[in-house]
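Right, I'll just put the structure down here and ask away after.
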Amino acid sequence: MASMKDIAKLAGVSTSTVSHVINQSRYVSEEISERVNRAAQSLNYTPSALARSLKTNRTKTLGMLLTTSDNTFYGEVVKGVERCCYQKGYNLILCNTEGDNQRMKASINTLLQKRVDGMILMCSSLEGERIDIFDKYPDVPIVVMDWGPMLFASDKIQDNSLQGGYMAAKYLIDQGHKEIGCITGPLHRHQAQMRYEGYKRALREAELEFNSDWIVESDFECDGGYQAFNRMYSKGPLPSAIFVCNDMMAMGVINAAYEKGLSVPKDFSIIGYDDIHIAKFMTPPLTTIHQPKYRLGQAAVETLLSKLEDPTRDAQVVQLEPTLVERMTVNSLK
């Protein structure tokens with residue numbers, strides 16, 4: 001493999017001149033630059049990313065750690081992260097924890113050893129977890145996405161789940177519904193709790209009754225929504241509407257209802273949360289709260305890069321606002 005020394009010899013210049021031409025670190029005359037570039041091309045020279053990273057103390061690589069599931073929400077967020085990395089000239093290393101705490105810590109250790117410039121974390125198991133290894137790498141900025149309080153320094157990107165949960169329940173109330181159930185995510189997770197709190201706030205404002213038979217905790221997965229609906233159904237008459245706290249669970253609810261001969265929205269209405277790509281192709285198309293997934297990913301990268309540029313700035317919380325998407329799963333009772 002050709003080196004800068006080889007190019008310098010062929011071009012008849014110093015090695016430092018070759019470095020300035022290739023790295024564009026100092027002005028070099030057009031005639032000499034052309035000679036150097038011609039020599040580099042004839043020797044099939046490829047700059048060493050490793051050598052450059054050692055010199056600049058930057059690898060132009062970010063690491064992302066996430067807990068994957070069947071939920072396409074994560075894929076849509078990763079798409080925003082990956083595209084923004086590409087646009088900013090960065091590479092992305094993606095690691096999947098599969099919900100395993102030990103695997104999560106091993107992956108964090110691997111990414112740090114590979115000298116990533118920064119890390120984006122989207123792991124449910126991080127909430128309330130102290131990661132001691134971060135203390136050894138204080139110069140590596142961290143962005144946490146969509147989770148609750150952390151026991152280490154980081155910027156945070158999240159949607160306003162409290163407002164989103166409130167909007168969902170308020171929309172059902174505005175459509176004339178007075179019996180409104182809720183299938184929540186796992187309530188030990190911050191975002192699930194916030195969506196549920198928003199739902200409760202809307203019902204309290206409207207002075208509507210809370211029926212414990214209509215509130216079921218689940219897991220944000222299709223099968224969880226399916227099972228949660230069956231539990232609600234077994235307890236007696238259904239409410240006229242259900243706020244299902246993510247779209248994947250809403251798909252499970254619709255499937256369980258279909259098996260029982262029930263129709264949405266004829267027999268009961270549903271509103272979901274996230275507005276995943278397939279929500280508009282469901283039968284019927286799902287009314288839902290839109291979470292700006294692509295923008296969440298983009299904001300994570302931009303926040304991380306801003307911290308790299310200014311390591312002294314205070315930790316930030318970037319909150320993106322949800323919006324209502326009306327489709328065909330909510331009947332008006334007015």
Do side-chain atoms of S33 reach the backbone of V21 as a donor and acceptor pair under 3.5 angstrom?
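Side chain of S33 to backbone of V21, a donor-acceptor pair under 3.5 Å: no, none is there.
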A side-chain contact here means heavy atoms from C-beta on lying under 4.5 Å apart; do I270 and P265 qualify?
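No - every pair of side-chain heavy atoms lies 4.5 Å or more apart.
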Do the side chain of D267 and the main chain of S263 share a donor and acceptor less than 3.5 angstrom apart?
yes
Does D223 form a side chain to side chain donor-acceptor pair (under 3.5 Å) with Q227? I'd like the steps, not just the answer.
CA-CA 6 Å; D223 191 56; Q227 295 175 13; 2.6 Å; yes
With clusters defined by side-chain heavy atoms of hydrophobic residues (ILVMFWY) lying less than 4.5 Å apart, directly or transitively, does V253 cluster with I180?
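No.
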Exercise: identify the closest heavy-atom pair between V264 and P284:
O-CG, 3.3 Å
L111 CG to I108 CD1 distance, which is reported to the nearest 0.5 Å
8.0 Å
With heavy-atom distances below 4.5 Å as the criterion, would you say the side chains of L320 and N160 are in contact?
no
Could you check if a side-chain atom of V325 sits within less than 4.5 angstrom of a side-chain atom of K280, using non-hydrogen atoms only?
no
Heavy-atom check, side chain of D159 versus side chain of Q191, under 4.5 Å:
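In short, these two side chains touch, coming nearer than 4.5 Å.
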Look at the rings of F229 and F268 and say which category their plane angle falls in: under 30° parallel, 30 to 60° tilted, over 60° perpendicular.
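Rings of F229 and F268: parallel, as their planes differ by under 30°.
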Just so I know, are the side chains of L10 and R38 near enough to count as touching, which here means a heavy-atom distance under 4.5 Å?
no
Single-linkage hydrophobic cluster, 4.5 Å side-chain cutoff, F243 and M194 together:
no
Which pair of non-hydrogen atoms, one from S161 and one from Y273, has the smallest distance, and what is that distance?
CA-OH, 3.5 Å
Taking the side chain as C-beta and beyond, is there a heavy-atom pair between T303 and K307 under 4.5 Å?
no
Could you go through residues 1-8 and list every donor-acceptor pair under 3.5 Å that involves a side-chain atom there, pairing it with any protein atom two or more places apart or in another chain?
| residue | atom | partner | partner atom | Å |
| --- | --- | --- | --- | --- |
| S3 | OG | K5 | N | 3.3 |
| S3 | OG | D6 | N | 3.3 |
| S3 | OG | D6 | OD2 | 3.2 |
| D6 | OD2 | S3 | N | 2.9 |

Test item: D274 side-chain N/O and Q291 main-chain N/O as donor-acceptor pair under 3.5 Å
no
Considering all heavy atoms of both residues, which atom of C85 and which atom of L62 are nearest to each other, and what is their separation?
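Result for this residue pair: SG-CD1, 3.8 Å.
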Measure the spacing between CD1 of I271 and OH of Y171 and express it to the nearest 0.5 Å.
7.0 Å
Are the charged groups of R35 and E31 less than 4.0 angstrom apart, N to O?
yes
Identify the heavy atoms of M64 and L92 that sit nearest to each other, and give their distance.
CB-CD1, 3.8 Å
Less than 4.0 angstrom from a charged side-chain N to a carboxylate O is my criterion; do E302 and R295 meet it?
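Judged by the 4.0 Å cut-off on N to carboxylate O distance, E302 and R295 do form a salt bridge.
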Is it true that a side-chain atom of K293 and a backbone atom of D275 form a donor plus acceptor pair closer than 3.5 Å?
yes
Less than 4.5 Å apart, any side-chain heavy atom of I173 and any of L203?
yes
Compare all side-chain heavy atoms of H277 with those of T72 and state whether any distance is below 4.5 angstrom.
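No - every pair of side-chain heavy atoms lies 4.5 Å or more apart.
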Salt-bridge criterion met for K200 and E197 (N-O under 4.0 Å)
yes
Residues pairing under salt bridge (charged side-chain N to carboxylate O under 4.0 Å, His left out) where one sits in residues 165-180, two or more places apart or in two chains, turn out to be K170-D174
Can you name the nearest heavy-atom pair linking A192 to L187, along with the distance?
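Where A192 meets L187 most closely, the heavy atoms are O-CD2, 3.9 Å.
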Does C245 offer a backbone N or O that forms a donor-acceptor pair with the side chain of Y196 under 3.5 Å?
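Checked: no pair found.
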Do you know which two heavy atoms are closest between D155 and A315, and how far apart they sit?
OD1-CA, 3.2 Å
